[in-house]
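In what follows, every heavy atom counts, from backbone to side chain, and hydrogens, waters and symmetry copies are set aside. Just follow the structure's listing: the first ligand is 1, and inside any ligand the first atom is 1.
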Amino acid sequence: MIGFSDRLRALPGYPLAEIPAIKRRLVEQGVDVIDLGAGDNDAPPPDIAIETMVGAVRTTALSKYGFQQGLPEFRQAATRWVERRFGFRFDPATETLPLIGSKEGLAHLVFAVANPGDVAIVPEPGYQAYIGGAILAGAEPHIVPLRREQQFLLELDQVPESVLARAKIVFVNYPNNPTAAVATPEYLERTVAICRRHGILLAYDNAYCDLTFDGYRAPSIFETPGARDVAVEFFSLSKSFSMTGWRIGFAVGSRELIGALTRVKSYIDTGPWLAIQKAGAAALDQAEALVAPIRSELERRRTAGVAALKAAGFAVDSPKAAMYLWVPLPADVPSAVFARRSLEEAGVVILPGSAFGPAGEGYFRIALTVGAARLGEAASRLGEMLERMRRGAFATTA
Ligand SMILES: Cc1ncc(COP(=O)(O)O)c(C=O)c1O
């Protein structure tokens with residue numbers, strides 16, 4: 001018999017791992033399932049990415065190992081985009097690193113800074129790669145609950161000094177998944193200041209920086225003075241360009257920090273497929289034109305989804321960014337029960353707050369991955385579901 005490692009056993013379970021199987025069964029039974037689970041937009045990838053990819057697939061040189069260096073064209077397009085978007089420059093060769101999706105880089109970064117027993121500070125609710133990366137690297141996760149009364153901000157000054165002294169890395173993600181919260185410049189300043197004081201690496205996950213509404217503009221961590229000494233910032237082509245399955249993102253930061261992540265990765269992977277890097281470069285070079293329609297469609301969905309959920313009896317806030325609605329539940333309704341019944345009885349896939357850790361309890365997450373009319377339909381089914389749960393009735397059909 002093969003025994004498993006303590007690290008594997010320490011990985012938190014996913015409370016609704018059975019969702020895909022239930023969904024498949026319902027679809028086979030002819031139920032009209034509305035899937036608002038994964039943050040995977042229904043928009044196609046940009047034509048320019050597809051066309052570039054088709055040519056790239058036929059280019060033998062792009063079928064070879066990319067190694068960590070990858071395609072210089074991608075690094076250059078990434079740094080050009082950062083410069084256009086935020087106004088500052090990173091060296092494409094030494095301060096930029098292509099990733100097999102930003103998740104991969106986020107999870108691997110812990111290996112570069114934490115020894116077994118060191119602390120990694122992770123938000124909860126939060127993206128699973130943070131705690132997973134920490135545990136797999138042998139670090140000790142220190143969970144910081146994100147609370148609505150604090151605008152879902154991870155406040156390092158509320159972490160005990162003794163923990164900060166042992167912390168080697170903190171994961172910060174705004175616009176946030178799953179709460180859709182955003183960060184102010186003042187928040188980023190105090191966070192950078194504490195990281196500098198304690199020598200904590202700030203992994204700034206900016207996967208949703210271009211999915212912003214109502215004129216809001218999401219900052220880069222590097223707009224904060226002093227951030228270059230302590231931060232690595234992660235960007236993704238997944239959400240902005242509807243390219244989730246392509247697995248392409250990148251990190252930027254100082255030569256030392258990017259060099260450290262590069263060294264870790266060189267023992268684990270051989271970089272994203274060069275053809276995808278070529279297609280990604282083409283998309284990045286046209287980012288402004290390509291992202292605008294995705295952003296405005298998400299804004300329409302956000303507005304319609306919030307209105308429909310309110311009409312259905314949910315007290316949801318209207319977010320300024322990301323692609324999620326983080327919806328409060330009545331105190332006596334456990335989110336996993338609500339999510340399971342929503343799927344089985346209303347045919348709507350949502351994620352329970354508890355899937356993002358115990359501090360996510362009391363909420364569910366809706367991904368704005370379908371059009372406004374379908375969101376409206378989902379909201380009214382969820383409203384009826386909640387009503388049935390409130391009345392304690394046991395309904396069996398959608
Ligand atoms: C907060 C956050 N960071 C990173 C990612 C990963 O994106 P990628 O597809 O680039 O790995 C996601 C994906 O859902 C996310 O929600």
Can you tell me the protein heavy atom closest to [atom] and the distance?
atom	result
atom 9 (O) of ligand 1	Ser238 OG, 2.5 Å
atom 11 (O) of ligand 1	Arg247 NH2, 2.7 Å
atom 2 (C) of ligand 1	Asp205 OD2, 3.3 Å
atom 6 (C) of ligand 1	Tyr127 OH, 3.3 Å
atom 15 (C) of ligand 1	Tyr208 OH, 3.4 Å
atom 14 (O) of ligand 1	Lys239 NZ, 2.8 Å
atom 7 (O) of ligand 1	Ser102 OG, 3.3 Å

Ligand 1-proximal atoms of Phe250, by part, heavy-atom distance under 4.0 Å: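 Looking at Phe250 and ligand 1, no heavy atom falls under 4.0 Å.
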Consider only side-chain N and O atoms of Tyr208 and Tyr324, and report whether a donor and an acceptor are under 3.5 Å apart. yes
Test item: side-chain donor near acceptor, Glu297 and Asn41, under 3.5 Å: no
Side chain proximity check, Lys64 to Thr60, heavy atoms < 4.5 angstrom: yes
Report yes if some heavy atom in the side chain of Glu384 is under 4.5 Å from a heavy atom in the side chain of Met389; otherwise report no. no
Below the 3.5 angstrom mark, is there an N/O of Tyr130, backbone or side chain, next to an N/O of ligand 1?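 N/O-N/O distance under 3.5 Å: no.
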What is the ring orientation for Phe86 with Phe88, classed by angle as parallel under 30°, tilted 30 to 60°, or perpendicular over 60°?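 Rings of Phe86 and Phe88: parallel, as their planes differ by under 30°.
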Is the Phe314 ring parallel, tilted or perpendicular to the Phe364 ring (thresholds 30°, 60°)? perpendicular
I would like to know whether Phe90 and Phe222 meet ring pair (Phe, Tyr, Trp, His ring centres under 6.0 Å); could you show each step before the answer? CA-CA 11 Å; Phe90 284 92; Phe222 295 113; 4.9 Å; yes
